[in-house]
Amino acid sequence: VYKRQIRDRVENLEIFVDDATLQVTGKKGEVGDIIVYVGKQLLKAFEEGAGLPVSRTKGRVTATTARLSQRIAKRLKGHGYEAVKAMTVLGVDTAAGRSGVHGQSRIRMSAAEKRRGRFLNLRKAGAKIREVHRAATLPAVMHGTRVVGMPPAVLQRLRRLLLTGQPRRAKSASLTLQFACGKKKSDPTFAVLEAPLMHWARQAFNGDMLTKRRLQAAWQAQVVRLTLAKRPWAKVAGPAGAIIVVLRQLGRRTSSAFNWQTDTGVNVDVRLEAPSSLRKLINSSTAVSYTHLTLPTIC
């Protein structure tokens with residue numbers, strides 16, 4: 001009976017979409033028509049195509065002029081839109097370009113730490129919580145990591161928190177040793193350092209010439225900025241800064257936005273290297289930099 005109840009819950013899973021944002025830039029007189037058409041098509045796709053009802057009380061429209069936003073909102077009034085002067089936009093996607101972008105990661109980390117007691121109670125009851133704890137904690141804390149990275153202080157807190165789900169063993173002062181006794185790559189360091197590097201590598205590998213020129217320009221600006229910074233993580237303002245600091249953490253050198261040096265001293269051009277192959281190199285570098293185990297480990 002219990003298994004059937006669980007199966008029914010999974011089969012009837014409810015999905016909620018937090019929000020959707022449309023942004024259009026174009027010639028005067030064309031923007032309104034474009035945003036109205038695309039907006040209606042998106043609403044139709046949500047409601048008719050995906051079966052996701054859209055709220056009729058939260059739609060907002062803003063534009064370069066109040067008159068334009070009012071005209072657009074009037075045409076979308078039937079869908080519950082209204083014109084506003086400004087909107088509060090949350091998330092790391094709109095945070096690039098300014099310092100102090102890691103405040104949210106610390107807030108997310110604190111929220112995850114508050115749930116630690118629940119998992120401890122499950123473990124006391126005899127449940128194996130390693131996978132459940134990791135699945136519930138890692139994605140929430142890592143949100144936005146591929147864009148702005150994760151400071152070492154937050155990563156250390158995350159590592160300590162995830163040890164809650166590890167099987168009980170003799171305590172060790174070394175977090176690396178404790179994770180080494182568990183499942184392969186259970187240490188969140190691998191996922192945290194991989195995220196910004198893989199995100200950048202995909203843009204370099206799949207991007208057109210304009211995208212690659214922009215990546216190079218961003219990298220050059222951030223290299224100068226972070227080289228002079230006493231606290232580089234506090235100056236990270238986007239993907240370019242994140243990869244520079246992460247590669248330094250791994251002890252790797254870069255001569256451009258695309259040329260990275262591996263732990264064996266080999267230079268890799270991420271414009272030519274498939275991201276799937278690059279992942280192996282990143283994990284290898286992470287293992288070398290964070291796992292200095294020269295003697296057999298007894299778990």
Check for a donor-acceptor pair, side chain of [X] on one end and backbone N or O of [Y] on the other, with a separation under 3.5 Å.
X      : Y      : answer
Thr145 : Val192 : no
Trp260 : Leu247 : no
Gln216 : Ala257 : yes
Ser284 : Lys280 : no

Near Arg116 CZ, under 6.0 Å, is it more than 12 heavy atoms from other residues, nucleotides or ligands?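 Atom CZ in Arg116 is not packed in, count stays at 12 or less.
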Option from Arg75, Lys40, Lys27 for which salt bridge (Lys or Arg N to Asp or Glu O under 4.0 Å) with Asp33 holds: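 Running salt bridge (Lys or Arg N to Asp or Glu O under 4.0 Å) over Arg75, Lys40, Lys27 with Asp33 returns exactly one hit, Arg75.
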What is the distance from atom [atom1] of [X] to atom [atom2] of [Y], rounded to the nearest 0.5 Å?
X      : Y      : atom1 : atom2 : answer
Asn283 : Phe190 : CG    : CZ    : 6.0 Å
Lys212 : Phe258 : NZ    : CZ    : 7.0 Å
Leu281 : Glu273 : CG    : CD    : 6.0 Å
Ser55  : His79  : OG    : NE2   : 13.0 Å
Leu155 : Met142 : CG    : CE    : 9.5 Å
Lys235 : Ile244 : NZ    : CD1   : 14.5 Å

Hey, are Arg56 and Glu47 close enough for a salt bridge, meaning a charged N less than 4.0 Å from a carboxylate O?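 Salt bridge present between Arg56 and Glu47.
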Tell me whether Arg213 is salt-bridged to Asp208, with the criterion being a basic N under 4.0 Å from an acidic carboxylate O.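 So Arg213 does not pair with Asp208 through a salt bridge.
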Apply side-chain hydrogen bond (donor to acceptor under 3.5 Å, both in side chains) to residues Thr254 and Arg248 and explain how you reach the verdict. CA-CA 9 Å; Thr254 58; Arg248 287 181 183 175; over 6 Å; no
Side chain to side chain donor-acceptor pair (under 3.5 Å) involving Arg160 - partner list, sequence neighbours excluded: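 Partners of Arg160 by the side chain to side chain donor-acceptor pair (under 3.5 Å) criterion come out as none, since no residue qualifies.
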Please report the C-alpha distance between Arg159 and Gln156 in whole Å, then the side-chain angles of each, then the deciding distance to 0.1 Å, and finally whether the side-chain hydrogen bond (donor to acceptor under 3.5 Å, both in side chains) criterion is met. CA-CA 5 Å; Arg159 297 177 80 196; Gln156 285 297 91; 3.0 Å; yes
Nearest non-hydrogen partners of Ala140 and Arg108, listed with the distance: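 Distance-wise, the nearest heavy atoms are O-CD, 3.3 Å.
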Hey, does Leu42 have a side-chain heavy atom less than 4.5 Å from the side chain of Leu22?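 Heavy-atom side-chain distance check passes, below 4.5 Å.
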